[in-house]
Structure formats: structure tokens, C-alpha cells
Student: 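Supplied in C-alpha cells, the structure appears directly below.
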Amino acid sequence: MIRVLIADDQAMVRQGFGALLAAQPDLLVVGDAADGAQAVAAARRLDPDVVLMDVRMPVLDGLAATRKLLGDRSAQRPRVLILTTFDLDDYVYEALRAGASGFLLKDAPAADLVHAVRVVAAGDALLAPAVTRRLIAEFAARPDRRRPRPTDLAGLTPRETEVLRLIARGRNNAEIAGDLVVAEQTVKTHVGRILAKLGLRDRAQAVVLAYETGLVAAGE
């Protein structure tokens with residue numbers, strides 16, 4: 001059973017998403033929150049597997065709430081799925097950098113929301129849509145002195161570097177296996193080693209790092 005917490009300042013959105021998710025046999029809505037501060041407190045109290053996190057909320061916005069949740073090493077950290085609209089791209093990118101596992105547009109079909117929760121709960125990043133890659137590429141191209149240096153990837157083997165490049169282009173494990181003509185399990189092993197060597201939580205952070213270090217250029 002996947003435990004879900006819904007954080008949104010609109011009661012109708014919380015109720016609508018809650019009813020949709022509660023109707024699924026493998027999903028359990030354990031609570032909701034009307035602002036970021038409530039979301040952080042509820043997540044620590046209810047221990048959800050996934051938090052659906054709106055960006056624009058009072059008291060504490062979704063980005064700050066994501067940083068608090070995922071930066072707390074002493075607590076069990078849930079997966080965070082950002083709910084957004086296209087006009088919030090800056091926030092989405094920063095949320096991915098903070099460790100969110102992906103984002104979903106608020107007007108996405110109901111089936112997409114259910115699928116997204118399951119994907120994120122399984123430990124994967126919701127990175128398939130091309131818009132996500134364009135988003136990351138755009139903001140990674142902006143100058144930022146805090147960004148990692150290309151030398152930060154020096155610990156990767158040539159094959160791991162190649163796998164990371166394909167991850168950053170939005171390829172899933174099966175597609176990478178086909179590109180490299182290897183078994184899918186081999187790709188999973190490479191991905192695990194990449195995340196461990198770079199100290200990353202999931203594929204979303206790997207994509208961000210690949211663009212920020214220049215391993216993959218915007219527009220590729």
C-alpha cells in the first residue's frame with residue numbers, strides 16, 4: 001500500500017485528488033495539508049511514502065517545504081511529487097535540485113496522477129515528458145557559481161558516464177539497455193552505482209547534475 005499526503009491550499013483540489021487516489025486499491029491517502037508548514041508537520045507525523053506538493057501555498061511554499069522534508073537527515077524522507085503549472089518553471093527546477101522526484105501539471109489527466117504516484121513511490125523519477133528535459137536544460141544553462149564542476153563526474157567509469165548521459169536525455173532503463181545492447185539489469189546496476197558515487201537520491205537529481213556539469217548541453 002502506497003501512503004500519500006496531499007498538500008495544496010485549495011480545499012477542492014485536496015478533496016478531488018484525495019477521492020481519486022483513495023479509489024485505487026494500492027493507494028492510501030493518509031492526510032492532507034493546506035500550506036507548506038502543515039505539510040512538513042503532517043509528513044513527519046504520518047510517514048507517507050509520497051507527498052503531492054503544490055508550489056504556491058501560504059505560510060511556507062512548496063519549495064521551502066520540500067527542502068525541509070528532504071533535508072532532514074534524521075527523519076524518514078518521503079518522495080515528493082511537485083504539482084505545478086507552466087508559469088512556475090523556476091520553482092519546479094529548484095524543487096528538483098532540492099531532491100523532488102519529479103513534477104506533474106495540475107491539469108493532467110486523472111490516470112497520469114495515479115501513474116505518477118506509483119512511479120515516484122517505486123523510487124523512479126517522473127522525467128519522461130519532454131517538457132521536463134527542456135525545463136532542466138533551460139535553467140541549467142544559466143550561470144550559477146554554486147553549480148558542480150565537470151570534475152565532480154571524474155569518479156564515473158566511461159560506461160557509467162554514458163549511462164548518465166542517456167538518463168539525462170530522458171531514456172528509461174529499457175531504452176538505455178537497447179541503446180547500449182546490454183541487459184536491463186546491467187543498466188539498473190550502472191544507475192545504482194552512479195547514484196551512489198555521486199551521492200544522489202534518484203534519477204531526477206542525476207538529470208539535474210548532468211546538465212549542470214555540462215555533460216549534456218541544453219538542446220541536445
Student: Would you kindly say whether N173 and R203 are connected by a side-chain donor-acceptor distance under 3.5 Å?
Tutor: yes
Student: I want to check something: taking the side chain as every heavy atom from C-beta on, are L52 and L113 in contact at a cut-off of under 4.5 Å?
Tutor: yes
Student: Can you check whether L21 reaches V117 side chain to side chain, under 4.5 Å on heavy atoms?
Tutor: yes
Student: Minimum heavy-atom separation for G18 to V29, with atom names?
Tutor: O-CG2, 3.7 Å
Student: Within the distance-only criterion (no hydrogens, no angle test), does the side chain of R79 pair as donor or acceptor with the backbone N or O of G102 below 3.5 angstrom?
Tutor: no
Student: Where do F17 and V13 land on the side-chain contact (heavy atoms from CB on, under 4.5 Å) test, with the steps shown first?
Tutor: CA-CA 6 Å; F17 285 171; V13 171; 3.6 Å; yes
Student: Which residue in the set R165, K197, R193 passes side chain to side chain donor-acceptor pair (under 3.5 Å) when paired with E160?
Tutor: K197
Student: Would V59 end up clustered with L69 when hydrophobic side chains under 4.5 Å apart are linked, directly or stepwise?
Tutor: no
Student: Between D32 and I6, is there a donor-acceptor pair closer than 3.5 Å when you use the side chain of the first and the backbone of the second?
Tutor: no
Student: Report the C-alpha distance between L180 and V163 in whole Å, list the side-chain angles of each, state the deciding distance to 0.1 Å, and finish with yes or no for side-chain contact (heavy atoms from CB on, under 4.5 Å).
Tutor: CA-CA 9 Å; L180 301 181; V163 170; 3.8 Å; yes
Student: Do any N or O atoms from the side chain of Q15 and from the backbone of M12 form a donor-acceptor pair under 3.5 angstrom?
Tutor: no
Student: With a 4.0 Å cut-off, would you call D9 and R14 a salt bridge?
Tutor: no
Student: Where do L46 and V30 come nearest, in terms of heavy atoms and distance?
Tutor: CD1-O, 3.4 Å
Student: Can any side-chain N or O of R77 pair as donor or acceptor with the backbone N or O of L70 at less than 3.5 Å?
Tutor: yes
Student: Any chance you could lay out the side-chain contact (heavy atoms from CB on, under 4.5 Å) test for L20 and V114, step after step, and finish with the verdict?
Tutor: CA-CA 8 Å; L20 172 64; V114 174; 4.2 Å; yes
Student: Is the shortest side-chain N to carboxylate O distance from D179 to R171 below 4.0 Å?
Tutor: yes
Student: Are V55 and I82 packed together at the side-chain level, in the sense that at least one heavy-atom pair is separated by less than 4.5 angstrom?
Tutor: yes
Student: For the atom pair CG (L63) and CZ (R56), what is the distance rounded to the nearest 0.5 Å?
Tutor: 12.5 Å
Student: Kindly indicate whether the side chain of I176, heavy atoms from C-beta on, has any atom under 4.5 Å from the side chain of N172.
Tutor: no
Student: I'd like to check K68 versus L60 (side-chain heavy atoms, cut-off strictly below 4.5 Å). Are they in contact?
Tutor: yes
Student: Below 4.0 angstrom, N of the basic side chain to O of the carboxylate: do D26 and R118 qualify?
Tutor: yes
Student: Begin from the C-alpha positions of L83 and L105 and carry the test side-chain contact (heavy atoms from CB on, under 4.5 Å) through to its verdict.
Tutor: CA-CA 6 Å; L83 297 170; L105 297 177; over 6 Å; no
Student: Give a yes or no on whether the backbone of V182 and the side-chain of T186 come within a donor-acceptor separation of less than 3.5 Å.
Tutor: no
Student: For M53 and A65, which heavy atoms make the closest approach, and how far apart are they?
Tutor: CE-CB, 3.8 Å
Student: With rounding to the nearest 0.5 Å, note down the distance linking CG in L215 to CG in L153.
Tutor: 6.0 Å
Student: Answer whether the closest heavy-atom distance between the side chains of L209 and L198 falls below 4.5 Å.
Tutor: yes
